[in-house]
Amino acid sequence: MRKIFLGATLLSYLLLASCHVDDLGKVKPGTISPHLALNLGYSEYTVQELLEDIEDESVQITTNADQTMALYFSENTVYDDNDELVAVTSVTNQEEFAPAENVPATPIGYEIDIDEVFTFSFPANNGEEIDSLFYSSGTLDFEMLSTFKGDIDYTWVIEGTKVVSTDQDLTNSEQLEYVSGDVTDSYSRPLDGLKSKFYKNASDENEFQVHVEGTITFEAGTEILPEQKMTFDLSFNNPEFTKIYGKFGSDPIDLQNQSIDMTAFNDFSGDGLKLGDPRIYLITTNSYGMDIELSFDQLKAIASDGSEVLLQEKTPPGIDGFVSSPDVEGEVKIDTVELNNENSNIDDLLNSAPVSMEFEISGIPNPAASTRLNNFLLADSRVEIESLIAIPMQFQMDGFSVDFDFELNDLDIESAESIVFNIIATNEIPFTGSIDLSFIDEQGSVLFELPNAAGIESPTVDSDGKTTEPHVSTSGIDLPSDGIDALINAHKILATANISTFEHEKDRYVTLYSDYKLNIELSLAGEVTIQL
């Protein structure tokens with residue numbers, strides 16, 4: 001409730017006469033017309049209150065040290081779909097040792113030496129190049145099956161897959177005795193605590209080597225057939241990682257798909273609003289070791305009638321959507337991508353009276369502008385995007401209205417024969433316009449109206465766009481008899497200021513400062529006839 005200070009000048013009239021009873025018949029009747037004056041109060045409206053009328057949690061109102069103001073609408077989104085960048089799933093490789101020896105029953109003991117290097121692959125689902133990775137979970141499983149009828153003494157080494165604590169290649173040795181049937185060996189351990197380093201083949205595929213060496217020993221009289229062999233199965237099952245190094249390609253990723261509610265701003269945008277310098281900031285916080293280029297697949301303003309205005313890039317200069325990356329693991333890099341009326345038609349979008357802004361933004365990893373040779377990502381790597389719609393209070397407006405309430409308490413004017421309404425508007429805001437008065441009863445019904453009861457003039461605006469001193473406008477209005485009757489029965493007076501920004505017809509923008517205010521004072525004066 002705005003502050004309203006009511007005061008009233010109470011009139012009294014006292015006729016004192018001294019006379020004898022015998023002189024009573026000599027008194028002659030007459031009239032007197034004293035003046036009635038009532039101050040109905042004043043109401044003050046500041047630019048700060050103008051914005052605070054927006055009751056919406058999605059809107060942030062800021063006041064700078066120089067008293068300039070701005071509205072901000074914002075939303076945050078997070079991209080952390082690491083599997084879309086590098087999809088590491090279970091990997092299984094199989095190789096065999098088949099010397100194809102054909103030996104009849106041996107007269108004495110016989111040995112076959114094993115010294116094989118197998119090349120295994122470790123593909124990523126989308127073909128990304130993986131240099132190395134550190135595991136957090138999953139299992140490594142090594143299986144061997146031999147159809148040779150001999151004892152096996154062998155060692156295998158998975159080259160490049162190391163125990164983190166020792167930085168030694170993972171290795172295992174076994175001595176297996178032939179009893180009957182096939183000879184088998186099984187090894188399993190958690191991937192946690194391991195890391196793997198890969199190399200690239202000619203097709204840039206991720207590969208590593210497994211070295212197997214040892215001896216198969218046969219007793220005298222054992223037959224060795226050409227189809228007998230050793231089969232090796234190596235699996236990385238359900239691997240999860242703490243970090244991956246490599247080159248993750250340039251396949252687009254879906255970074256952002258969201259809507260920002262702007263219905264609160266729509267309260268202003270329907271009043272001929274034209275913004276001077278609106279901007280959208282996309283503030284990115286990137287912890288991937290990978291540069292990204294933002295691609296605006298679709299950014300549009302949606303009006304209340306469902307109409308749309310699409311973002312269009314102006315070239316030159318175009319929108320610089322480059323998002324840089326940290327050089328050190330665990331750190332972040334913060335960048336701001338700015339959309340303004342020089343590189344886009346953002347003013348068209350925000351001047352279209354939007355109730356929402358829709359964002360569909362993809363990212364291009366490792367864009368052409370990037371100089372990175374390698375990428376990294378950690379399990380908790382992410383790109384956070386704060387979409388910030390900034391609306392400085394620099395605009396044009398034509399047809400904005402604001403109401404001032406004046407409550408009428410114990411207003412005794414039933415004896416008034418004439419009433420003049422006096423209106424004083426003291427204005428510091430670069431607005432021009434007029435004031436309408438309405439007499440309202442307790443049920444909210446309008447009893448009487450005075451359109452264009454007073455004018456509002458803009459103060460002088462200096463070369464910096466700031467008003468120098470307030471402009472005072474005064475007006476006096478004679479109330480007709482039906483207006484007086486309505487005022488007698490009124491519960492309050494509603495003063496509606498219909499305003500436009502200074503020189504909007506000349507396409508001039510004004511800047512609003514938080515300490516600007518518009519003050520309206522109401523008073524009335526009249527004549528009361530008293531019969532003597």
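Keep in mind the model is a prediction, meaning the values are calculated, not measured.
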Distance-only donor-acceptor pairs under 3.5 Å for side chains of residues 382-394, two or more places apart:
residue	atom	partner	partner atom	Å
Glu384	OE2	Asn76	ND2	2.9
Ser387	OG	Gln256	NE2	2.7

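- In this structure, the side chain to side chain contact (heavy atoms under 4.5 Å, CB included) partners of Asp515, at least two apart in sequence or on a different chain, are Gln67, Lys466, Tyr513.
- With hydrogens and angles ignored, the 3.5 Å screen pairs a side-chain donor or acceptor of Asn201 with a backbone N or O of Asp204.
- In this structure, the side chain to side chain contact (heavy atoms under 4.5 Å, CB included) partners of Glu101, at least two apart in sequence or on a different chain, are Pro99, Val103, Tyr110, Ile112, Ile224.
- Side chain to side chain, Asp305 and Ser307 meet the donor-acceptor criterion of an N or O pair below 3.5 Å.
- Annotation: the span from Thr62 atom OG1 to Met69 atom CE amounts to 7.5 Å, rounded to 0.5 Å.
- Remark: side-chain polar atoms of Gln228 are paired, donor with acceptor, to backbone N or O of Leu225 under 3.5 angstrom.
- Under a 3.5 Å cut-off, the side chain of Asn82 and the backbone N or O of Ala379 do form a donor-acceptor pair.
- Between Phe142 and Trp156, the ring centre distance stays below 6.0 Å.
- At distances below 3.5 Å, not a single donor-acceptor pair connects side-chain atoms of Asn343 with backbone N or O atoms of Leu339.
- Centroid-to-centroid, the aromatic rings of Phe236 and Phe122 come within less than 6.0 Å.
- Put simply, CG on Asp335 and OH on Tyr281 are 15.0 Å apart, with the number rounded to the nearest 0.5 Å.
- Judged by distance alone, the side chain of Ser344 and the main-chain N or O of Asn340 form a donor-acceptor pair under 3.5 Å.
- For the pairing with Asp141, the side chain to side chain donor-acceptor pair (under 3.5 Å) check across Ser188, Ser186, Ser235 returns one residue only, Ser188.
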Please walk me through it: do Ser196 and Tyr135 pass side-chain hydrogen bond (donor to acceptor under 3.5 Å, both in side chains)? CA-CA 8 Å; Ser196 289; Tyr135 302 97; 2.8 Å; yes

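- For the pair Thr501 (side chain) and Met397 (backbone), a donor-acceptor distance under 3.5 Å is present.
- Judged by distance alone, with hydrogens and angles left aside, the side-chain atoms of Thr119 form no donor-acceptor pair with the main-chain N or O of Gln209 at under 3.5 Å.
- For the atom pair CD (Glu95) and CZ (Phe232), the distance works out to 9.5 Å, reported to the nearest 0.5 Å.
- Between Ile253 and Leu85, some side-chain heavy-atom pair lies under the 4.5 Å cut-off.
- Between Lys247 and Glu129, no side-chain nitrogen of the basic residue sits less than 4.0 Å from a carboxylate oxygen of the acidic one, so the salt-bridge criterion is not met.
- Contacts of Lys162 classified as salt bridge (charged side-chain N to carboxylate O under 4.0 Å, His left out), with partners at least two apart in sequence or in another chain: Asp169.
- Using a 4.5 Å heavy-atom cutoff, the side chains of Asp277 and Asn341 are in contact.
- Residues Phe134 and Leu191 have side chains not in contact (no heavy-atom distance under 4.5 Å, counting atoms from C-beta outward).
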Intermediate values then yes/no, side-chain hydrogen bond (donor to acceptor under 3.5 Å, both in side chains), Thr184 and Asp182: CA-CA 6 Å; Thr184 62; Asp182 297 334; over 6 Å; no

When the side chains of residues 354-371 are checked against the rest of the protein, which donor-acceptor pairs come out under 3.5 Å, sequence neighbours left out?
residue	atom	partner	partner atom	Å
Ser356	OG	Glu358	OE2	3.1
Glu358	OE2	Ser259	OG	2.9
Ser362	OG	Asp297	OD1	3.1
Ser362	OG	Asp297	OD2	3.0
Asn366	OD1	Asn375	ND2	2.9
Asn366	ND2	Gly249	O	2.9
Asn366	ND2	Asn375	OD1	2.9
Ser370	OG	Asp291	OD2	2.7
Ser370	OG	Arg372	N	3.2

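- Between Phe198 and Tyr245 there is no side-chain heavy-atom pair separated by less than 4.5 Å.
- For Asp185 and Tyr154, the side-chain atoms include at least one donor-acceptor pair closer than 3.5 Å.
- The main-chain N or O of Glu207 is never found under 3.5 Å from a side-chain atom of Lys200 such that the two would form a donor-acceptor pair.
- A salt bridge links Lys195 to Asp167: one of the charged nitrogens lies within less than 4.0 Å of a carboxylate oxygen.
- At distances below 3.5 Å, not a single donor-acceptor pair connects side-chain atoms of Asn345 with backbone N or O atoms of Leu349.
- Tested against Phe120 for a side-chain contact (heavy atoms from CB on, under 4.5 Å), the candidates Val210, Asn206, Val91 yield a single pass: Val210.
- Between Phe97 and Phe148, the angle of the ring planes lies from 30° to 60°, which puts this pair in the tilted group.
- In this structure, a donor-acceptor pair under 3.5 Å is absent between the side chains of Glu240 and Asn238.
- Not counting sequence neighbours, Thr242 has no partner by the side chain to side chain donor-acceptor pair (under 3.5 Å) test.
- Distance check, rounded to the nearest 0.5 Å: CG of Leu71 to CE of Met262 gives 8.5 Å.
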Step-by-step side-chain hydrogen bond (donor to acceptor under 3.5 Å, both in side chains) determination, Gln396 to Asp507: CA-CA 7 Å; Gln396 301 172 28; Asp507 203 33; 2.7 Å; yes

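- Residues Glu219 and Asp151 have side chains not in contact (no heavy-atom distance under 4.5 Å, counting atoms from C-beta outward).
- Under 3.5 Å, the side chains of Glu143 and Tyr187 contain no donor-acceptor pair of N or O atoms.
- Proximity of a side-chain donor or acceptor of Asp66 to a complementary backbone N or O of Thr68 within less than 3.5 Å is detected.
- Counting heavy atoms from C-beta outward, Leu275 and Tyr509 have side chains that stay 4.5 Å or more apart.
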